[in-house]
Engineer: 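One structure coming up, written as structure tokens, with questions to follow.
Sequence lines set the chain letters: A, B, ... in the order given, protein chains first and strands last, and positions in each chain run from 1.
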Amino acid sequence: MTEARPSAPRAAAPPRSWWRANQQRLTPWLFLAPGILMFGLYVIWPIFESFWLSFYDWDGLGEARWIGWGNYRELRSDPAFYTSLRNNVLWLVLYLLAVPAGLLIALFLNQTVFGIRLYKSLFFFPFVISQVVVGLMFSWFYAPNFGLFYKLVEWLTGTGVAVLADPDLVTYGIIAAGLWPQIAYVMILYLTGLNNVAPDQVEAARLDGAKGWRMLWYVILPQLRPATFIAVVVTVIGALRSFDLVSIMTDGGPFGSSRVLSFYMYEQALSEYGYRMGYGAAIAVVLFLIMMVFISGFIWKMVRDEREGY
Amino acid sequence: MFQTSRRAALALTVAMLAATAAQAEQRVLRYYADFDPAPLAAFEAAIADFEAENPDIDVQLQNFDHEGYKTAIRNFLTADAPDLANWYAGNRMAPFVKAGQFLDVSDVWNEHGLHDSLASAAASMTIDGKQWGVPYTYYQWGIYYNKTVYEQVGASVPATWDEFIANCEKFKAAGIDCVTTGTKALWPGAGIFDYLNLRTNGYEHHMKLTAGEIPWTDDTVRATFAEWAKLVGPGYVTANHTALDWQDAAALLVQGKAANYVMGNFAVAVFKEGGMTDETLGFMPFPTINPDVPRAEEAPTDTVHIPSGAKNVEDAKKFLAFLARADVQTKLNEGLGQLPINKDSTVGSDPFIQAGFELLSTTPGGIAQFFDRDAPAEMAKIGMEGFQEFMVRPENLDAILERLEAARQRIYQ
């Protein structure tokens, strides 16, 4: 958009000030400066600070002691760390179920019937509720002795299952709670995507005899690619930063079976019995590196798509 | 117009000057605390008494949310220290003492004879031979039981662990949980461990264990867990306790679905809110396991300290001396519904308070704080997780003890 205007003859113009000469080049940076400053101060700097801190043994009060790779060595033989890592992988894999489930609901809701707006907003409702409230609701749902789910299982099988008390089931129980709002989120992304599907292409495909599954796979889904991309990105990142539900529903328990890395980091560094800043920072670094794998993948794809002109 | 506004401004300035002058006569004492509503009222009354005795001191109490305080104290001690701050006795105050955040108040103890009057809590206030604060209240732990349920199955109140376990069989047959607990927040399970170890191995052993001087894989520790297994193995403990808060488990006792609850005296308020009375709620000391071990009890102590960044140290010490006085502790603990520490204080007529006073003042073995106050924070967390795991999967005992032992070797080095 910025086309240089033909400049007036040089000789006639008065000598230009430095600011006038460089205005065009500097202006974007000046506008960016507040953002860059904030981003640098609150995002980039703490990342390096965490890397640095992870080589220390520090309780947040006294003297910090340099211990080199000590925290990482301890992580390598820490069973709680492996439990957290395994749960993070579970979260990643199962949370992605939100993408097909959201698509299914979106396809189902993408029709013109009387009152469809109401149905859409009802389906979207879980995403509007705060995660804390979702966590509380599901804790009551699973609660032993009086929870709806517990009663239901008791009625079906004779003995109730207290999902949050069972070390083998607890993570699945929390992920199910997390999926509820996440599916609604993905659904909204797909609904907006479906609005942009070109009707003429659908028409043409229909003339060629495509319908049902083939129509979805070869005609609709390729047009939904941007929506799918965003849905996968927000779901993966949501899975990796799953913290609030774990904290609200189980506090990482029973005996640490439902911890994820972000929660373990918080527990070690900041909770009542924690204050191992260095160890917490080391967990944060590991989590950061895992996230970087995904984030750089996403960025790489975005840059490539932009170059190809999608 | 101009004149009047100027006169008004002048009047305002004069008024403000007068106000600051009045304040200047009073020295300010800033006090940060973490009281729940009922204790707050009791403490505000005590502060009012202090101010009446010392009209030149103005105590400014800043109350925090109980849980939030545990995080906040680490920030305000270093950033903006008050003159007085609430905290806990035992190892729980050690990090602040070692980091030089609390002031040595041994002079207050010596000057006012607190070594004598507060003798029962002296050990838990002492680190490196110095005292670091003043305790004002504590409360007993023990077993609270539902008398109706005991009558229903025809069980008598046990004095020994074997009798207790025999009772459990009766409760189990009647479909009642012998022992209930809610370990979602981990610490209720530690109360059971503390008592089992105090009764099996005694106070000295327990203190050494929490101080990291005894390996967790030691046979003495295994003996404690063997006693615990008698409770866990046959399923005498409430199922799914890991998903319950301690109040949820209290409800089970109130409803008669559970018989016994190893708890602190603060739970009495919850039982009574649920409809229990002095006729249906009972209290007993934890039964004897090893008759050769002198009886020791658990009584967490709450304390007030002077941060080393305090500005008004002199008046803060005056307040600590006031708080240690027998009459002050009597009145304060009547409001708190807990036990005074000063030996010359008197206790209220509540039967549970009376029982606790009787229990603690006759303890021959010693008074432990609580697992998460006797052991350092890191060890407490790993330990309590291990206790919880044992109560769900007793077959994992070896793995649990080895994990605790590895943690001990790392933490206490």
Engineer: So, do W216(B) and F193(B) have ring centers that fall under 6.0 Å from each other?
Structural biologist: yes
Engineer: Look at the rings of W52(A) and Y56(A) and say which category their plane angle falls in: under 30° parallel, 30 to 60° tilted, over 60° perpendicular.
Structural biologist: perpendicular
Engineer: Report which part of A243(B) has an atom under 4.5 Å of a heavy atom belonging to chain A: side chain, backbone, both, or neither.
Structural biologist: both
Engineer: Among L77(B), D248(B), I382(B), D372(B), single out the residue with the greatest number of heavy-atom pairs under 4.5 Å to chain A.
Structural biologist: D372(B)
Engineer: Are any side-chain N or O atoms of S262(A) and backbone N or O atoms of S242(A), one a donor and one an acceptor, separated by less than 3.5 Å?
Structural biologist: yes
Engineer: Does any backbone or side-chain atom of Q268(A) lie under 4.5 Å from a heavy atom of chain B? Answer side chain, backbone, both or neither.
Structural biologist: neither
Engineer: With a 6.0 Å cut-off on the ring centroids, do Y72(A) and Y279(A) count as close?
Structural biologist: no
Engineer: Please determine, among S77(A), A165(A), G256(A), the option with the most heavy-atom pairs under 4.5 Å with chain B.
Structural biologist: A165(A)
Engineer: Using the ring centroid of each side chain, check whether Y236(B) and F171(B) are separated by less than 6.0 Å.
Structural biologist: no
Engineer: Does any heavy atom of chain B fall under 4.5 Å from the side chain of Y150(A), the backbone, both, or neither of them?
Structural biologist: side chain
Engineer: Specify which of Q101(B), R403(B), H241(B), K381(B) makes the most heavy-atom pairs with chain A at under 4.5 Å.
Structural biologist: K381(B)
Engineer: Do you know which of T157(A), V161(A), L156(A) makes side-chain contact (heavy atoms from CB on, under 4.5 Å) with T159(A)?
Structural biologist: T157(A)
Engineer: Please step through salt bridge (Lys or Arg N to Asp or Glu O under 4.0 Å) for the pair D398(B) and R222(B), ending with a clear verdict.
Structural biologist: CA-CA 9 Å; D398(B) 287 327; R222(B) 283 183 189 276; 2.8 Å; yes
Engineer: Can you pull out the residues in residues 81-92 of chain A with any heavy atom less than 4.5 Å from chain B?
Structural biologist: none
Engineer: Measuring heavy-atom distances to chain A, does M384(B) have an atom under 4.5 Å in its side chain, in its backbone, in both, or in neither?
Structural biologist: side chain
Engineer: Under a 4.5 Å cutoff for heavy-atom pairs, which residue among G160(A), P79(A), P144(A) has the most contacts with chain B?
Structural biologist: P144(A)
Engineer: Which word best sums up how the rings of F266(B) and W141(B) line up, parallel for under 30°, tilted for 30 to 60°, or perpendicular for over 60°?
Structural biologist: perpendicular
Engineer: Give a yes or no answer on whether the side chain of D177(B) reaches the backbone of T180(B) with a donor-acceptor pair at less than 3.5 Å.
Structural biologist: no
Engineer: Which distance, rounded to the nearest 0.5 Å, do you find between the CE of M265(A) and the OG of S50(A)?
Structural biologist: 8.5 Å
Engineer: Ignoring hydrogens and angles, tell me if any N or O in the side chain of D166(A) forms a donor-acceptor pair with the backbone of D168(A) under 3.5 Å.
Structural biologist: yes
Engineer: Say whether, by atom type as modelled, one donor and one acceptor occur between the side chain of S308(B) and the main chain of G100(B) under 3.5 angstrom.
Structural biologist: yes
Engineer: What part of L186(B) gets closer than 4.5 Å to chain A, counting heavy atoms only: side chain, backbone, both or neither?
Structural biologist: neither
Engineer: Pick one of side chain, backbone, both or neither for T78(B), based on which atoms fall under 4.5 Å of a heavy atom in chain A.
Structural biologist: side chain
Engineer: With only heavy atoms counted, which part of L252(B) is less than 4.5 Å from chain A, the side chain, the backbone, both or neither?
Structural biologist: side chain
Engineer: What is the ring orientation for H305(B) with F102(B), classed by angle as parallel under 30°, tilted 30 to 60°, or perpendicular over 60°?
Structural biologist: parallel
Engineer: Which residues in residues 81-94 of chain B have a heavy atom less than 4.5 Å from any heavy atom of chain A?
Structural biologist: R92(B)
Engineer: With a 6.0 Å cut-off on ring centres, are F371(B) and W187(B) close enough?
Structural biologist: no
Engineer: With a 4.5 angstrom heavy-atom cut-off, could you sort out which part of E63(A) is near chain B: side chain, backbone, both or neither?
Structural biologist: neither
Engineer: So that I know where these two stand, are F141(A) and F138(A) an aromatic pair - ring centroids less than 6.0 Å apart?
Structural biologist: yes
